[in-house]
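So you know, we letter chains A, B, ... as the sequences are listed, proteins then strands, and number each from 1. Only heavy atoms go into these numbers, but all of them, side chains included; no hydrogens, no water, no symmetry mates.
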2 protein chains.
Amino acid sequence: MFNRELLKGSTSLVLLQLLNERDMYGYELVKELAKRSEQSLQVKEGTLYPALHKLEKQEYIQCYWQEQEKGPARKYYKITDEGKNVLLEKTKEWQHFVQVMNKVIRRTENDSI
Amino acid sequence: MFNRELLKGSTSLVLLQLLNERDMYGYELVKELAKRSEQSLQVKEGTLYPALHKLEKQEYIQCYWQEQEKGPARKYYKITDEGKNVLLEKTKEWQHFVQVMNKVIRRTENDSI
DNA sequence: AAATATACCTTTTAATTCTAGGTAGGTGAA
DNA sequence: TTCACCTACCTAGAATTAAAAGGTATATTT
């Protein structure tokens with residue numbers, strides 16, 4: 001539980017989704033998620049960087065360095081075509097999962113499906 | 001991620017919800033979830049029994065044995081008042097989590113919240 | 001008599017996340 | 001100018017969790 005793949009996929013689902021909007025660097029992803037999610041999705045750096053490296057190894061994302069006029073250089077990540085396909089699949093899985101959870105959770109009268 | 005508490009809580013959320021409907025025994029919970037969830041929430045026995053024991057230790061559920069005319073005796077579980085409170089909290093957390101996920105996932109145009 | 005189904009359980013393995021660090025460059029205030 | 005802080009990257013280890021894989025026992029069915 002829950003569908004092991006789905007669980008495993010949840011961090012990567014979020015990361016792929018964000019990178020599908022635009023290229024971002026690690027530190028930015030952390031801040032962006034914290035901002036957007038009101039703590040519910042907050043990914044810590046110790047979670048994020050290994051997760052990014054795994055996605056990179058799977059070739060769902062690619063990275064490139066970008067020097068900054070101010071501050072340290074940034075390692076930007078970009079979603080690949082394969083990454084986009086995976087994102088689609090994972091999004092469907094997520095939606096199905098939510099449907100099922102809601103069936104189980106919101107039940108009050110009827111007892112079998 | 002996800003909100004560590006939420007992740008941890010997801011199995012117990014489902015179990016508490018089922019036991020809030022009626023008293024059930026372990027084997028029944030496994031079968032019931034498999035039936036209801038179309039495989040998405042299928043909890044395996046190796047997951048279920050430890051989870052039940054933990055909930056019992058936390059005093060969110062209580063158990064009692066019931067001899068059967070046919071077949072092995074069953075250990076029924078019943079949700080406690082404390083368990084019902086926890087269930088309410090966890091349900092709210094889950095709903096909040098889904099909202100936030102949907103904000104992140106369903107985004108296509110607007111880019112900041 | 002053997003296979004199957006019910007019903008309970010635990011140990012080990014695998015995966016994931018967090019904690020708690022570490023490095024380094026740049027900025028701003030005292 | 002020195003010290004604190006922020007940006008930005010990273011990893012090792014601990015903790016948690018679920019699943020896999022096994023085990024026990026009773027009852028039914030073939």
Exercise for review: Could you tell me whether Lys78(A) and Glu21(A) have a side-chain N and a carboxylate O separated by less than 4.0 Å?
Suggested key: no
**Study point:** Val86(B) vs Leu13(B) side-chain heavy atoms within contact, under 4.5 Å
**Key:** no
Practice item. For Gln68(B), report the nucleic acid contact type (base, sugar-phosphate, nothing); a contact means any heavy atom under 4.0 Å. Key: nothing
Study note, to complete from the structure: From the candidates dC9(C), dC9(D), dG25(C), the one with an atom nearest any side-chain atom of Tyr49(B) is dC9(C)
Practice item. Taking only Lys NZ, Arg NE, NH1 and NH2, and the carboxylate oxygens of Asp or Glu, determine whether Glu28(A) and Arg22(A) approach each other closer than 4.0 Å. Key: yes
Revision key, fill the gap. Tyr27(B) has its side chain closest, among dT6(C), dA8(D), dT28(D), to dT6(C)
Point to revise | Nearest to side-chain heavy atoms of Pro50(B), which nucleotide of dT11(D), dA18(D), dT10(C) | key: dT10(C)
Exercise for review: Quick one: label Gly71(B) by what it contacts on the DNA or RNA (base, sugar-phosphate, nothing), any heavy atom closer than 4.0 Å.
Suggested key: sugar-phosphate
Exercise for review: Among dA20(D), dT19(C), dA18(D), find the nucleotide with the atom closest to the side chain of Lys44(B).
Suggested key: dA20(D)
Practice item. Examine dA5(C): is either OP1 or OP2 under 4.0 Å from a nitrogen or oxygen in the side chain of Lys31(B)? Give yes or no. Key: no
Review point. Would one find more than 12 heavy atoms of other residues, nucleotides or ligands at under 6.0 Å from atom CD of Glu59(A)?
Key: no
Check your understanding: Can you find a side chain N or O atom of His53(B) that sits less than 4.0 Å from OP1 or OP2 on dT10(C)?
Key -> yes
Exercise for review: Could you tell me whether the phosphate oxygens of dT17(C), OP1 or OP2, come under 4.0 Å of any side-chain nitrogen or oxygen in Thr11(A)?
Suggested key: yes
Check your understanding: Counting side-chain heavy atoms from C-beta on, which of dT17(D), dT26(D), dC9(C) comes nearest to Lys54(B)?
Key -> dT17(D)
